[in-house]
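Indexing begins at 1, ligand by ligand and atom by atom, following the structure's order. All heavy atoms count here, side chains included; hydrogens, waters and symmetry mates do not.
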Amino acid sequence: MAPALAQDERLRGLLELVGERNAFHRARLARLGPEELPPLTKQELVEDQRRNPPFGSNLTYPLERYTQLHLTSGTTGPPLRVLDTAEDWAWWRALFAHTLSVAGVEPGDRVALAFSFGPHVQFWAAKEGLQELGALAIPLGGMTSVQRLRTIAEVEASAVMCTPTYALRLLEVALEERLEGALDPVREVICTGEPGASLPAVRSRIADGFGARCIDHAGLTEVGPFGYPCPDSGGLHVYEAEFVCEVLDEELRPAPVGARGELVLTPLRRTGFPVIRYRTGDVVLNTDERCACGADHRWLPGGIVGRADDMVVIRGMNVYPSAIEEAVRGVSGSGEFRITFYSERSGMDEVKLEVELSDGRAARRLQDTMRHGLGLRVRVVPVTPGTLPRVDGEARRVVDERVERWSPS
Ligand SMILES: [Zn+2]
C-alpha cells in the first residue's frame, strides 16, 4: 500500500479508536475537534499523570493489557511513564529490526550495547530489535569503559550501539589505556540519543577513530523508533506508513520549505499509549525533495539537527549548541568542550566556549570559523586536554547563566 493511502486509513482508524476508548484523547477531541487538534506537548501528558497517578488517563485498554513500562529521559521536569501493550511492543521490535538491517546489521552479527540498563527505552528496544533480527545482543551495562573495550575485543563484536558522545569517549579511553586494537572487529557504530551522529564532523571523527561506518537512527519513548538511516544520501527517513510527519515553525504553522522546524509525529499503529500530533522537540530541515535513493518515505537531510529546547537566542540569533559542536569537532585534536551562555554587565548576552585543545593556536581558528560560518561571536577559551567533565551517556555541555529579563510584551 502507498504510504499516503495507508496513512489516511490508519489515521481514521486511530481517531475512531481513541474517540471510543481513550479518556485522555476523548476529552481532547471533544474540546478541540479533530480538525483543529493542536500539537500535543509532553507537558500535557505529564500533567495528566500528575492528576491521574500513576499512569494517567492516556490508556486505550485496561491496565492488565500492558506489558512494558519505560520512562522518558527528559532533562527538564518530571519523567513520563509510557506503557506499551504486547502488540505495541511487537511493533517497536519490528521497526527497530528493520532500522538495524538498513544500518547493515545481519542475522548472526554480534552487537555490543554500550548503555546502562535503565528505565529508558533505548537499550531495551535495541536489544529486542536485535533479537527480532536474529543478531546476538551483547549487554555492556554496569561496566567501566575498559571492561567494555575488553569485552568488545574478546567476543569480537561487529557493531557497537551507543550515544555519539560515548563513542568518542570510548575512543579516548582506548587511546589512554593502549587498547586501540580492541576496536578492530567493529565494522559499524550505530548511534542514537543525541544529534551528534547526524553532524558530519562528529560522524567522520567516530568513523575514522573506529575504522568503521558511523550510522544514525532516531526514536523517542513517546512515539517509537521513527527514523532509519539513508545509506545513500545520509540523514534519516521517517517510516511514513507508520507515522504522520509534520515540520512546524515556532508559531506551530507548517515550516517553509528549506527552513528548520520542529518535527511533529503521529504514530498510527501504536494504540495503547497513543500520541496525536506529538511535539518531539527534535529540530529538522523541512524539504519537499524526495531522496535520491528512491525511498518513497520522507527524507530528513542531515537527520536531527538539534533539540528545540536547546536553542538559545543570542543577540537576536537562534543558536543551537549542535552547530557549535560541529565546529569544535572539525578542529583536529579537539577534545571535550563546554558552552556557557552569560550576560555581560552591559546587558549583552555572550557565548563562552571552553574547549580542550592540544594546540592553543587552534582557538583562534575556531573563533574565526564560528564568526564566518555561524555569524556568531564566541569567546573561545582553550583548556588542557582531559580537564573537562566526562559522561557515559548523553552529554550535558551547556551552561546557561544569562540574567532573566522582562520580555517586551
Ligand atoms: Zn534515501
Side-chain angles (χ1 to χ4, degrees), residues 1-8 10 91-106 109 111 125-126 129-130 132-133 135 159 161 164 167 187-207 210 212-220 223-248 254-269 280 282-307 322 326:
M1 197 164 9
L5 273 175
Q7 268 198 356
D8 285 352
R10 287 172 180 175
W91 170 88
W92 267 96
R93 284 173 62 111
L95 280 185
F96 220 103
H98 180 266
T99 298
L100 290 164
S101 74
V102 176
V105 179
E106 290 174 4
D109 278 353
V111 183
L130 286 169
E132 177 87 16
L133 185 67
M161 295 184 77
R187 296 192 317 266
E188 263 137 18
V189 183
I190 304 168
C191 289
T192 189
E194 295 172 329
S198 283
L199 306 174
V202 177
R203 209 171 47 227
S204 66
R205 187 176 274 210
I206 294 171
F210 279 80
R213 285 206 307 157
C214 174
I215 300 146
D216 196 14
H217 70 100
L220 213 60
V223 296
F226 61 85
Y228 65 93
C230 177
D232 293 356
S233 316
L236 295 170
H237 285 293
V238 177
Y239 290 106
E240 273 194 299
E242 301 294 340
F243 297 89
V244 179
C245 168
E246 303 169 76
V247 182
L248 303 183
V257 170
R260 288 174 167 196
E262 182 176 352
L263 184 64
V264 171
L265 293 173
T266 304
L268 294 165
R269 295 202 297 172
T280 62
D282 286 333
V283 177
V284 298
L285 180 67
N286 187 31
T287 178
D288 53 4
E289 251 181 86
R290 287 283 140 178
C291 180
C293 76
D296 57 2
H297 288 158
R298 184 156 178 149
W299 182 39
L300 305 175
I304 312 294
V305 298
R307 291 280 307 164
S322 52
E326 170 70 5

Open item on the list: Does Ile190 form a side-chain contact (heavy atoms from CB on, under 4.5 Å) with His217? I'd like the steps, not just the answer.
Closed with: CA-CA 7 Å; Ile190 304 168; His217 70 100; 3.6 Å; yes
TODO: Could you pull out all residues at least two apart from Val244 that satisfy side-chain contact (heavy atoms from CB on, under 4.5 Å)?
DONE: Gln7, Thr266, Leu268
TODO: With sequence neighbours left out, write down each residue that passes side-chain contact (heavy atoms from CB on, under 4.5 Å) with Ala259, or none if nothing qualifies.
DONE: Pro256
Task: Contacts of Ser233 that satisfy side-chain contact (heavy atoms from CB on, under 4.5 Å) - sequence neighbours left out - done: Cys230, Cys291, Ala292, Trp299
Task: Residue and atom names of protein N/O/S atoms that fall under 2.8 Å from the Zn ion (ligand 1) - done: Cys230 SG, His237 NE2, Cys291 SG, Cys293 SG
Open item on the list: Suppose we call two aromatic rings close when their centres sit under 6.0 Å apart. Are Tyr228 and His237 close by that rule?
Closed with: yes
Task: Test of ring centre spacing under 6.0 Å for Trp91 and Phe226 - done: no
